[in-house]
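Read the structure below first, then the notes.
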2 protein chains.
Amino acid sequence: MRTPKPQIAHFTSPLYLDSGRILEPFELAYETYGTLNTDKSNAILVAHAFSGSHHAAGIYEGENKAGWWNDLIGSGKGIDTDHFFVICINALGSCYGSTCALSPQNQGAIPYRLKFPVITIPDIVRSQKVLLASLGIDKLKAVIGGSMGGMIALSFAKLYPKCAEHIIALATTHATSDYVIAVHKIMCDAITKDPRFKAGNYLISELAELPLAGLALARMIGYLQYLSPRAMQRKFNHRYVDSDGLYELFGRFEVSRYLDYNAQSFCRYFDPLCYLYLAKALCIYDLSLGHENLEDATKEFHSCIHLIAFSDDTMFPPYEMWRIKQALQYNNKPHTFHEVQSQTGHDSFLVEVPLFEHYIKHILAA
Amino acid sequence: MRTPKPQIAHFTSPLYLDSGRILEPFELAYETYGTLNTDKSNAILVAHAFSGSHHAAGIYEGENKAGWWNDLIGSGKGIDTDHFFVICINALGSCYGSTCALSPQNQGAIPYRLKFPVITIPDIVRSQKVLLASLGIDKLKAVIGGSMGGMIALSFAKLYPKCAEHIIALATTHATSDYVIAVHKIMCDAITKDPRFKAGNYLISELAELPLAGLALARMIGYLQYLSPRAMQRKFNHRYVDSDGLYELFGRFEVSRYLDYNAQSFCRYFDPLCYLYLAKALCIYDLSLGHENLEDATKEFHSCIHLIAFSDDTMFPPYEMWRIKQALQYNNKPHTFHEVQSQTGHDSFLVEVPLFEHYIKHILAA
């Protein structure tokens, strides 16, 4: 694959948000892989998860780390860039180049911060549809995403029923559970109670001024959901960083060191305000909003819906995805459901690609 | 039941700790229910969980809230105080009257704080054995406890194999998993990163000076383990505190309000330093420590071991308790194992007493 090149699309038309507010102008950062064919019929939209970005595949020049779904997207891979034109867009509200709480308001120089409007998953979908239209793409082969990306994919099926042939949603849900809402409430508290948060008015350009203690806590709380208990046990097996530290109050287990390391590296690139806004979008996500129930909410679905759940996902357990299957079945909508046996937990959709890529390959070959 | 009366036992003999340090003198707060018979053969030791106290049953004068296991302990109840003399001791290191990090060191006036020694579950057991001896009790009908209390009960079986006829351990494990270690690492970080923590030198007498933001976060992280996701869903069902707040960044769901309320009330009585010390004790708990494996660690067990696990306990899942059963089976040790079908999660041992009290009644009647 060629070196991916992030791009920024600038839109001057207003984006009408679920909250009643308007975003105007707005920008979206995105990346593409593969080549759009002449009749523009081979495009696949990939939607990223909470902390992801538009950098889904390939390796930037001078870097070592590949995009977050590099195992799945590429020449000859599950999403084959020899056949498909893949586009991944940084979600509105995220901190990788799309309009977010750090963006200047009213085309001035002062960032929105807490004046940024609440963004919903449908808002993210609408903004991405605008970008697709600007590229002349009005039909998609598929929309694919895991976790929050799965919410985006399912919301796409609801907002634009005839736009995508296939919707592939992994490790996600029809409505965020109270448990996951509780997790995000605590994460957000960790950030806002950090004295450096200063009601969102922290100095963005100074690392030492950011509420990173809170952000690190939030990220670590996330890890409790992303990795399954069994995966942690396999990985760390009670090992102590320094066996002499067993009887020292602050002696550390390997799992603690792992959490520290990962939280610190997360803090180098993620923004606390964006964390709050994305958490809000995730928490108020509910496909049934404005409908009697999920059956009613899915009755206009037209795409073929493919649901891939992971057996030990504690964040979005298979029974929540099964609920979507029930609603689709009730409405006689075309769908498939796969429960992948995994031992990695929620993160399986990112790190256990060999366990499910054949499903995706098969769907896209149809 | 008569109004329970908390008592303090003072010991001047040294307590030799696993860390190599010595606690001298030390105190233990405790409560008793029922009457010790003349041959002192009807005593039952009840061990409390992480945030529990010696106030296991009855209601203090002028208060409304009963002890934490009031559903189980009392006249005619699962642990029948008409027949048994029940004693519950505040764990060493906890903040309800037993010696802890807030106690004065060297009989002076200055509290230990971070100079307090690391306490282990076996240390807690040894201290409780000293108290039992001081009451002239050298044989117990049973040791019963859930969660951390279950660790105490199982460690009792290991340290004093011939002391208790029955050991009843609920919702617990043979060794704290990396997942639970991770949970407690984040809780402890929340406390120590609170600027008010001041390396443990916060002003104890001033509520406004305590690192309560961190302690509240820690408690909320705990709730993610104590209640099962399904229990949260049943309890809150996506309800919003104020439906107008759906599109406000800090609008709250009912589950968030519940977490806030409970964390705030927890902060009124629990101490941050004690939290750290008990978390440490819980994290380094491992029945196999100093042994080849769990089979080796349990080979001298002599009490009849009763294991009661809860189907949806995500903190100490049934398969961890099953591991204890395997080891006991391997050694031909008398034991029973029950997996209670519950939908409340880890807290089932506290709030779902009707689901398991018949097991306990049956064991004690034998």
Side-chain angles (χ1 to χ4, degrees), chain A residues 17-21 114 116-118 120 175-183 185-186 188-190 192-195 213-214 216-217 220-221 223-224 227-230 232-233 235-240 246-256 258-260 276-277 280 283-284 286 314 317, chain B residues 17-21 114 116-118 120 175-183 185-186 188-190 192-195 213-214 216-217 220-221 223-224 227-230 232-233 235-240 246-256 258-260 276-277 280 283-284 286 314 317:
Chain A
L17 304 174
D18 278 333
S19 66
R21 289 184 59 187
L114 288 179
F116 194 64
V118 160
T120 66
T176 304
S177 68
D178 286 284
Y179 174 76
V180 172
I181 291 169
V183 169
K185 180 264 191 296
I186 304 171
C188 292
D189 269 19
T192 58
K193 307 269 167 151
D194 184 327
L217 276 174
M220 290 193 284
I221 295 166
Y223 268 104
L224 295 178
L227 273 185
S228 75
R230 283 183 204 250
M232 282 196 194
Q233 203 64 39
K235 203 175 172 89
F236 305 109
N237 196 24
H238 274 205
R239 282 193 313 281
Y240 222 72
L246 194 64
Y247 298 117
E248 278 167 32
L249 186 61
F250 297 113
R252 283 195 305 170
F253 283 90
E254 280 291 348
V255 67
S256 307
Y258 171 85
L259 289 172
D260 280 332
L276 300 184
Y277 275 92
K280 177 76 183 181
C283 286
I284 63 174
D286 184 350
T314 51
Chain B
L17 303 174
D18 278 332
S19 65
R21 289 184 58 188
L114 288 180
F116 193 65
V118 161
T120 66
T176 304
S177 68
D178 286 283
Y179 173 76
V180 173
I181 292 169
V183 169
K185 180 263 190 296
I186 304 171
C188 293
D189 268 19
T192 59
K193 307 270 166 156
D194 184 327
L217 276 175
M220 290 194 283
I221 295 166
Y223 269 102
L224 295 178
L227 273 185
S228 74
R230 283 183 204 249
M232 283 196 192
Q233 202 66 37
K235 204 176 173 87
F236 305 108
N237 195 25
H238 274 205
R239 282 193 312 281
Y240 222 71
L246 194 63
Y247 298 117
E248 278 167 32
L249 186 62
F250 297 114
R252 284 194 305 171
F253 283 89
E254 281 290 348
V255 66
S256 307
Y258 171 85
L259 289 172
D260 279 332
L276 299 184
Y277 276 93
K280 177 76 183 182
C283 286
I284 63 174
D286 183 351
T314 52

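A note on names: the letters A, B, ... follow the listed sequences, proteins ahead of strands, and every chain is numbered from 1.
We find the NZ-OH distance between B/K280 and A/Y247 to be 9.5 Å, quoted to the nearest 0.5 Å. In this structure, the separation between CG on B/L246 and CD1 on A/I284 is 4.5 Å, given to the nearest 0.5 Å.
In this structure A/K185 satisfies the salt bridge (Lys or Arg N to Asp or Glu O under 4.0 Å) test together with A/D189, B/D260, sequence neighbours excluded. Residues satisfying the side-chain hydrogen bond (donor to acceptor under 3.5 Å, both in side chains) test with A/Y258, not counting sequence neighbours, are none.
For the pair A/P195 and B/P195, the minimum side-chain heavy-atom distance is below 4.5 Å. Residues A/T192 and B/F250 meet the side-chain proximity criterion, which asks for heavy atoms closer than 4.5 Å. Using a 4.5 Å heavy-atom threshold, the side chains of A/L224 and B/L224 count as separate. A heavy-atom distance below 4.5 Å is not found between the side chains of A/L227 and B/Y179. Counting heavy atoms from C-beta on, the side chains of B/F116 and A/L249 never come closer than 4.5 Å.
Options A/E254, A/H238, A/R21, A/R239 differ in how many heavy-atom pairs under 4.5 Å they form with chain B, and the most are formed by A/H238. Counting heavy-atom pairs closer than 4.5 Å to chain A, the top-ranked of the candidates B/P117, B/A213, B/A190, B/C188 is B/A190. Among B/M232, B/K193, B/K235, the residue making the largest number of heavy-atom pairs under 4.5 Å with chain A is B/M232. Chosen from B/V180, B/T314, B/T176, the residue pairing most often with chain A at heavy-atom distances under 4.5 Å is B/T176. Between chain A and the options B/L114, B/V118, B/D178, the largest number of non-hydrogen pairs under 4.5 Å is found for B/D178.
No part of A/D194 comes within reach of chain B, as not one of its non-hydrogen atoms sits under 4.5 angstrom from that chain. Looking at A/Y277, both its backbone and its side chain come within 4.5 Å of chain B, counting heavy atoms on both sides. In this structure, chain B has heavy atoms under 4.5 Å from both the backbone and the side chain of A/C283. Proximity to chain B is limited to the side chain of A/F253, based on heavy atoms less than 4.5 angstrom apart. Residue A/A175 touches chain B through both its backbone and its side chain, counting heavy-atom pairs closer than 4.5 Å.
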